[in-house]
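Working notes, structure below.
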Amino acid sequence: MSTISSSAWPKLSHDWVPPSLHVKLMEEQLAALRSSLICAFNQLLDLKDLNTGVHSTRLAEWALHVAGDFGLARECLGDIEVAALLHDIGKIGVSDAILNKPGRLTAEEYGLMKKHPEYGWAVLHQVPGMERASLMILHHHENYDGTGYPGGLKGEEIPIGSRIVSVIDAFDAMVSTRPYRQGMAFEEAERRLLAAGDTQFDARVVKSFLALARTEMSSVFAAAGTAVTAVL
């Protein structure tokens, strides 16, 4: 009768840890991996276009400030920060000729540009822990009156993170100086945001963000590459 060698028996590990601690360690490792991926994606944006990466970093700071005014839960703040930081990640899939075109886009070019939220969602929703942030990215070009894209969502149907990113993204685009144009004056950017409240934008988000922009105007415009003296 054959016997199993003692060398084949499973051995108790001296590194055994309680299941609860093991789960905690796994969660910490997953969180660290998620943070690394976010940094890596942001660096990809920098490689695509330095302005895009820097633009996304300051949007994340502004988005957290505005989100704090709404009293959102801590986990929601984290999702909004990621959405603001990576909202343009889908532009990696858009031709540089379209992204950097100084003039008006053709209908075909604009159609391709409108795909970038879907490209961003397609990449990020596959990453564990980024499902909600990816939906905010997918819908950051929806309009409050339902005329935006890609889903034609309206009002409260649009995730709050998407509504926040939409406002600060538009403001930053208006006031930022680019090689082919000078940044817009603050008063004009403010006027356009207020005029589009409850049509393109959530008016409550506009009000919250403009309060920040007025209070911290110097730092806001320094980040956008426009001197305050040029916009007052």
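Predicted model only: the values in this text are computed from it and were never measured. Residue numbers start at 1 and run along the sequence shown.
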Quiz item: Under a single-linkage definition using a 4.5 Å side-chain heavy-atom cutoff for Ile, Leu, Val, Met, Phe, Trp and Tyr, are F70 and I168 assigned to the same hydrophobic cluster?
Solution: yes
Quiz item: For the residue pair S166 and E142, what are the closest heavy atoms and their distance?
Solution: OG-O, 4.3 Å
Quiz item: Where do D169 and H87 come nearest, in terms of heavy atoms and distance?
Solution: OD1-NE2, 3.5 Å
Quiz item: Quick one: do E156 and R204 make a salt bridge, cutoff under 4.0 Å?
Solution: yes
Self-check item: Distance-minimising heavy-atom pair for V94 and Y119
Solution: CG2-CE1, 4.3 Å
Self-check item: Side-chain donor or acceptor of S176 paired with backbone N/O of A173 under 3.5 Å
Solution: no
Exercise. Could you tell me the separation between the CD atom of E108 and the CD1 atom of I98, rounded to the nearest 0.5 Å?
Key: 7.5 Å
Quiz item: Is there a path of hydrophobic side-chain contacts, each under 4.5 Å between heavy atoms of I, L, V, M, F, W or Y residues, that connects I158 with F171?
Solution: no
Practice problem: Mind checking the OG-CG spacing from S134 to L86? Nearest 0.5 Å is all I need. | Solution: 11.0 Å
Quiz item: Below 4.5 Å, heavy atoms only, C-beta onward: do H139 and E157 meet side chain to side chain?
Solution: no
Quiz prompt | Interatomic distance, L64 atom CG to L72 atom CG [nearest 0.5 angstrom] | solution = 10.5 Å
Quiz item: So do the side chains of L37 and M130 get within less than 4.5 Å of each other, counting heavy atoms only?
Solution: yes
Quiz item: Would the H140 and H116 ring centres measure less than 6.0 Å apart?
Solution: yes
Quiz item: Under the criterion ring pair (Phe, Tyr, Trp, His ring centres under 6.0 Å), which of W121, Y149, F201 is the partner of H141?
Solution: Y149
Quiz item: Do the non-hydrogen side-chain atoms of R104 and Y110 ever get within less than 4.5 Å of each other?
Solution: no
Exercise. Identify whether the distance between the nearest side-chain nitrogen and carboxylate oxygen of R192 and E188 falls below 4.0 Å.
Key: yes
Self-check item: Pairwise distance CG(N143) to NZ(K154) - rounded to 0.5 angstrom
Solution: 12.0 Å
Exercise. Can you measure from CD (Q200) to OH (Y144) and round to the nearest 0.5 angstrom?
Key: 13.5 Å
Quiz item: How close do E75 and R132 get, heavy atom to heavy atom, and via which atoms?
Solution: CB-NH2, 4.4 Å
Self-check item: G68 versus L77, closest heavy-atom pair with distance
Solution: N-CD2, 4.2 Å
Practice problem: With side-chain contact (heavy atoms from CB on, under 4.5 Å) as the test, would you mind laying out the steps for L153 and R163 before giving the verdict? | Solution: CA-CA 11 Å; L153 301 186; R163 284 179 268 149; over 6 Å; no
Quiz item: Would a hydrophobic clustering, with Ile, Leu, Val, Met, Phe, Trp and Tyr connected at side-chain separations under 4.5 Å, put L138 with I89?
Solution: no
Quiz item: Rounded to the nearest 0.5 Å, what separation is found between the CG atom of D88 and the CG atom of L44?
Solution: 13.0 Å
Self-check item: Residue pair S162 / M136: nearest heavy atoms and the distance that separates them
Solution: OG-O, 2.7 Å
Quiz item: Does V165 share a hydrophobic cluster with L193, counting links as ILVMFWY side-chain heavy atoms below 4.5 Å and allowing steps through other members?
Solution: no
Exercise. Kindly indicate whether the side chain of L212, heavy atoms from C-beta on, has any atom under 4.5 Å from the side chain of D69.
Key: no
Quiz item: In terms of hydrophobic clustering (I, L, V, M, F, W, Y; side-chain heavy atoms under 4.5 Å; direct or indirect links), are F41 and I92 co-clustered?
Solution: yes
